[in-house]
Protein chains: 2
Amino acid sequence: MFEPVSPVRAYERVVEQIEEAVFAGRLKPGSRLPSERDLMTQFGVSRSTVREALRVLQSNGMVQSRAGDPRGPEVLPASPKTLRKSMSRLVRAESMSLAELLQFRMLMEGSAYQLAARLRTDAQLSEMEAALRAMADATGHAAFSDADVAFHDAVARATQNTLIVVCSNVVRGVVLDSIADSLANATDQQALMRAYLKHHSDVLQAIRDRDGSLAAQLARQALYDYYGRHLSAADQNLLATLVTS
Amino acid sequence: MFEPVSPVRAYERVVEQIEEAVFAGRLKPGSRLPSERDLMTQFGVSRSTVREALRVLQSNGMVQSRAGDPRGPEVLPASPKTLRKSMSRLVRAESMSLAELLQFRMLMEGSAYQLAARLRTDAQLSEMEAALRAMADATGHAAFSDADVAFHDAVARATQNTLIVVCSNVVRGVVLDSIADSLANATDQQALMRAYLKHHSDVLQAIRDRDGSLAAQLARQALYDYYGRHLSAADQNLLATLVTS
DNA sequence: CAGTATTTGTCCGTATGTATC
DNA sequence: GGATACATACGGACAAATACT
């Protein structure tokens with residue numbers, strides 16, 4: 001019948017009002033909020049309350065205040081930064097297994113590559129080719145990994161879907177965090193890198209030909225070959241069936 | 001040669017330390033933080049600084065303080081609530097379109113249904129059948145929607161992948177947030193619900209038969225038919241090609 | 001059940017470092 | 001370089017809310 005009520009703090013109402021003004025467009029990105037002292041009088045609350053509200057808004061990536069700036073706190077444009085932060089937090093807290101992460105990444109990147117093969121522009125194709133050359137020219141593992149990130153990022157951007165870009169980015173980062181040391185200490189590192197490079201070259205050709213299904217399958221295969229060794233036999237079998245799906 | 005430095009506020013360092021303790025498992029969900037006065041002395045900062053840090057942690061869903069509780073702020077378990085909040089924010093700020101959201105959901109649920117068709121147990125199949133019956137028996141829109149959620153959740157759980165469960169849940173919630181009013185005010189609501197129910201029945205049969213590809217395609221088709229009307233013609237064309245992929 | 005002690009929520013005042021004009 | 005206004009951080013204070021005895 002009735003809903004339980006929770007007391008609404010003063011700082012929360014300040015947050016709500018400023019949030020609402022931003023969403024309604026009355027406060028555009030780049031514009032400035034009144035100073036903390038002005039906000040005190042406008043909201044009729046103390047300085048501490050205003051500050052707590054500003055800290056919350058800052059933590060959510062909506063405003064940014066700098067000490068001594070007479071123009072007041074800046075209203076920031078919406079960005080997926082906080083989305084990435086909260087997703088990373090969740091992944092870390094849930095302590096998900098590497099198999100789950102890798103499975104998710106195979107599904108996600110498979111879809112991403114399929115879309116990218118259809119929607120990519122010539123300029124984006126050039127970006128991917130440049131990243132692939134950087135991978136081939138890379139001497140150390142760090143440079144190779146950076147170029148790899150650039151390649152995947154170019155593909156994700158080609159999908160023109162913010163969520164795919166962010167999710168791919170986050171999951172890739174978490175996977176790397178989990179087994180970065182294993183990769184760096186691999187005995188047959190050179191052979192792995194060559195095989196990985198070959199995979200990317202094949203994928204790129206599929207994207208060039210706008211063959212989405214092939215690109216998706218090759219992308220899943222590359223992930224499986226590169227990371228699958230770190231899984232149990234049972235998990236390897238499960239993921240192997242995903243490659244050709 | 002040198003990296004640019006940005007001043008690190010006192011409250012941020014407090015946040016970092018508490019966050020790190022939670023991630024490292026030294027602070028488990030349900031346990032209590034020291035009182036604000038104890039935190040003052042432990043961190044060597046003023047009470048305002050401690051409070052700003054606690055507000056940030058509370059905004060991120062990691063702790064919860066209640067006025068007058070001598071046990072101190074409670075450490076909360078990880079929850080996808082903030083993930084959903086930040087994603088909704090991006091949509092409201094119009095830096096992410098409904099088309100992107102729906103596209104992502106079609107990819108995600110397609111993969112989920114494919115996996116679920118392979119991995120589902122008989123018990124999970126029974127859950128889905130029960131949810132489908134609840135949808136058929138539902139009188140109002142609210143009950144119908146609740147049963148729909150239960151159905152999708154049972155499918156997501158059948159994948160045995162936490163990330164898929166969470167992401168599906170979050171994206172579904174954000175989509176509903178965006179167009180809940182449009183759905184509730186639809187003139188041909190009854191017809192929509194009947195068509196939606198028929199789709200689910202077909203999908204369930206595919207899951208029963210362990211036909212992953214068919215289940216995935218039917219799931220994408222259901223989403224397109226149910227939500228596609230809210231998109232522009234160009235976006236509809238793009239998503240239509242996704243259905244049969 | 002009531003009293004008490006503790007904690008949070010909020011306010012005020014002040015000192016200090018900083019960015020802009 | 002100086003003046004001004006700002007954010008940062010500190011300390012003290014009181015009322016409301018909560019838990020425990």
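Chain identifiers are assigned alphabetically (A, B, ...) following the order of the sequence lines, protein sequences preceding nucleic acid strands; residue numbering begins at 1 within each chain.
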Measure the distance from [atom1] on [X] to [atom2] on [N] and round it to the nearest whole Å.
| X | N | atom1 | atom2 | value |
| --- | --- | --- | --- | --- |
| A/Glu12 | C/dT8 | CD | P | 16 Å |
| B/Arg66 | C/dT6 | CZ | C1' | 14 Å |
| B/Glu52 | D/dG11 | CD | P | 14 Å |
| A/Leu39 | C/dC11 | CG | P | 13 Å |
| A/Leu54 | D/dA7 | CG | C1' | 10 Å |
| A/Asp69 | D/dT4 | CG | C1' | 13 Å |
| A/Glu74 | C/dT20 | CD | P | 11 Å |
| A/Arg32 | C/dT20 | CZ | P | 9 Å |

When you measure from the side chain of [X], which nucleotide among [options] comes out closest?
| X | options | answer |
| --- | --- | --- |
| B/Ser35 | D/dC10, C/dT8, C/dT20 | C/dT8 |
| A/Arg9 | C/dT20, C/dC12, C/dG9 | C/dG9 |
| B/Val45 | D/dC10, C/dT10, C/dT20 | D/dC10 |
| A/Glu36 | D/dC20, C/dT10, D/dA7 | D/dA7 |

Quiz item: Regarding B/Ser95 and B/Arg89, is there a side-chain donor-to-acceptor distance under 3.5 Å anywhere?
Solution: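 Looking only at side-chain atoms, B/Arg89 and B/Ser95 do not form any donor-acceptor pair under 3.5 Å.
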Exercise. Tell me yes or no: between the side chains of B/Ser65 and B/Arg55, is some donor less than 3.5 Å from an acceptor?
Key: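 Yes - a donor-acceptor pair under 3.5 Å links their side chains.
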Quiz item: Which class fits the ring pair B/Tyr196 and B/Phe144: parallel under 30°, tilted 30 to 60°, perpendicular over 60°?
Solution: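 The arrangement is tilted - the two ring planes meet at 30° to 60°.
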Quiz item: Closer to the 5' end of DNA chain C via nearest nucleotide, is it A/Gly68 or B/Pro73?
Solution: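 In this pair, the answer is B/Pro73.
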Quiz item: Mapping A/Tyr11 and A/Ala67 to their closest nucleotides on DNA chain C, which lands nearer the 5' end?
Solution: A/Tyr11
Exercise. Measure distances between side-chain N and O atoms of B/Arg55 and base N and O atoms of C/dG9, and say whether any donor-acceptor pair falls under 3.5 Å.
Key: no
Exercise. Can you measure from CE (A/Met87) to CG (B/Leu163) and round to the nearest 0.5 angstrom?
Key: 8.0 Å
Quiz item: Atom CE in A/Met106, atom OG in A/Ser111: separation rounded to 0.5 Å?
Solution: 11.5 Å
Exercise. Return the 5'-most residue of the pair B/Arg37, B/Thr49 with respect to DNA chain D, ranking by each residue's nearest nucleotide.
Key: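 By nearest-heavy-atom nucleotide position, the 5'-most residue is B/Thr49.
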Quiz item: So does A/Arg47 get a side-chain nitrogen or oxygen closer than 4.0 Å to the phosphate oxygens (OP1/OP2) of C/dG13?
Solution: no
Self-check item: D/dT8 phosphate, OP1 or OP2, under 4.0 Å from A/Arg51 side-chain N/O
Solution: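 Checking A/Arg51 against D/dT8: at least one side-chain N or O falls below 4.0 Å of OP1 or OP2.
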